[in-house]
Amino acid sequence: MSSGRSETGGPCGPSDARAAAIAGLAAGDGLQGAVAGEPAFVHRLDLADAGYYLVPLLREGILVGIAEIEARGCTLAKAGAITAPGTPFLLDPEAARAALPVPSGGAPFLGWQPCRESWDSFLPFWVFDTAEGRFHVDQSGQVHRQLGTGARGG
């Protein structure tokens, strides 16, 4: 899932993120033996030049977990098991585009910051810059014009 933007401010690329995810699973979190799928880069919207990779963890082609790999340093930040069978890794960007109330011709990118609309870095937004301004589409397909970052705790 390429956004056309620089994918990392450090030495960690997609293949490095994949390897870091698998290496990090040796810690005994129940996800050992999973295969790392295609990483998706997520830009931090609140920190300049920062981001991370979300790496899907698969068994027999089924999503069983997600690992978050910091782009700077290429280290495992966290990993979590998927408890609902059939859960997709990320909302399809074209499904996100279809939810927009205005046309968007540009390529979306994944972005996240702590906010009321998404408290979990495993749940980034598809971010669309349009002639009408920026729109954020969350992983359930809800569209947000602004993110609620002014409240305490996010």
Side-chain angles (χ1 to χ4, degrees), residues 1-5 7-8 12-47 50-101 104 106-130 134-149 151 153-154:
M1 293 184 189
S2 177
S3 68
R5 292 172 166 241
E7 291 221 344
T8 174
C12 192
S15 61
D16 301 314
R18 227 188 247 108
I22 294 302
L25 296 181
D29 53 17
L31 294 170
Q32 299 85 348
V35 175
E38 186 64 33
F41 187 77
V42 181
H43 295 270
R44 283 294 303 256
L45 300 174
D46 58 336
L47 301 172
Y52 58 93
Y53 288 94
L54 290 179
V55 182
L57 303 170
L58 311 165
R59 280 200 190 105
E60 298 177 13
I62 297 171
L63 184 69
V64 295
I66 298 174
E68 180 180 317
I69 305 298
E70 292 298 326
R72 292 198 190 270
C74 214
T75 57
L76 178 70
K78 66 179 180 176
I82 301 298
T83 57
T87 299
F89 172 46
L90 292 170
L91 178 68
D92 179 77
E94 291 311 311
R97 184 184 311 279
L100 293 175
S104 169
F109 65 93
L110 287 168
W112 182 81
Q113 67 185 44
C115 60
R116 285 189 301 268
E117 295 76 12
S118 177
W119 50 268
D120 189 343
S121 57
F122 282 172
L123 300 171
F125 300 96
W126 281 107
V127 181
F128 294 86
D129 289 317
T130 73
R134 181 166 274 188
F135 288 84
H136 306 85
V137 181
D138 66 26
Q139 293 301 308
S140 68
Q142 295 294 312
V143 178
H144 307 278
R145 281 302 302 253
Q146 296 180 10
L147 302 178
T149 59

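For the pair L31 and A79, the tightest heavy-atom approach, listed with the atom from each and the gap, is CD1-CB, 4.3 Å. Nearest heavy-atom pair across L100 and V137 is CD2-CG2, 3.8 Å. Scanning both residues, D46 and P114, for their nearest heavy atoms gives OD2-CD, 3.3 Å. Between A99 and G141, the shortest heavy-atom contact is CB-O, 3.6 Å. Summarising the geometry of I69 relative to C12, their closest heavy-atom pair is CG2-SG, 4.2 Å, with the distance given to 0.1 Å. Nearest heavy-atom pair across E38 and R18 is OE1-NH2, 2.7 Å.
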Practice item. Show the numbers, then the answer: is there a side-chain contact (heavy atoms from CB on, under 4.5 Å) between W112 and L45? Key: CA-CA 6 Å; W112 182 81; L45 300 174; 5.7 Å; no
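Summarising the geometry, atom OG belonging to S118 is positioned 11.0 Å from atom NE2 belonging to H136; distances are rounded to the nearest 0.5 Å. Distance CZ/R116 to CD/Q146: 10.0 Å, rounded to 0.5 Å. The CD atom of E68 lies 6.0 Å from the CZ atom of F122; values are rounded to the nearest 0.5 Å. Rounding to the nearest 0.5 Å gives a distance of 12.5 Å between CD of Q113 and OG of S121. Here the CG-CD distance, from D138 to E117, works out to 8.5 Å after rounding to the nearest 0.5 Å. Rounded to the nearest 0.5 angstrom, Q139 CD and L91 CG are separated by 5.5 Å.
Checked by atom type and distance alone, the side chain of D120 never pairs as donor or acceptor with a backbone atom of L123 at under 3.5 Å. In terms of modelled atom types and a separation under 3.5 Å, the side chain of R97 and the main chain of S104 share a donor-acceptor contact.
Under the 4.5 Å side-chain criterion, counting only non-hydrogen atoms from C-beta, L110 is not in contact with V127. Within the 4.5 Å cutoff, the side chain of V42 has no heavy atoms near those of the F109 side chain. Contact check for I82 versus I62: no side-chain heavy atoms found under the 4.5 Å cut-off.
Partner of P108 under the side-chain contact (heavy atoms from CB on, under 4.5 Å) criterion, out of F135, F125, W126: W126 alone.
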Got a list of side-chain donor-acceptor pairs under 3.5 Å for residues 54-61, not counting sequence neighbours?
{"unit_1": "R59", "atom_1": "NH2", "unit_2": "G30", "atom_2": "O", "d": "3.3"}
{"unit_1": "R59", "atom_1": "NH2", "unit_2": "Q32", "atom_2": "O", "d": "2.8"}

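Figure legend: K78 and Y52 shown without cation-pi pairing, the cationic atom not lying both under 6.0 angstrom from the six-membered ring centre and within 45 degrees of its axis.
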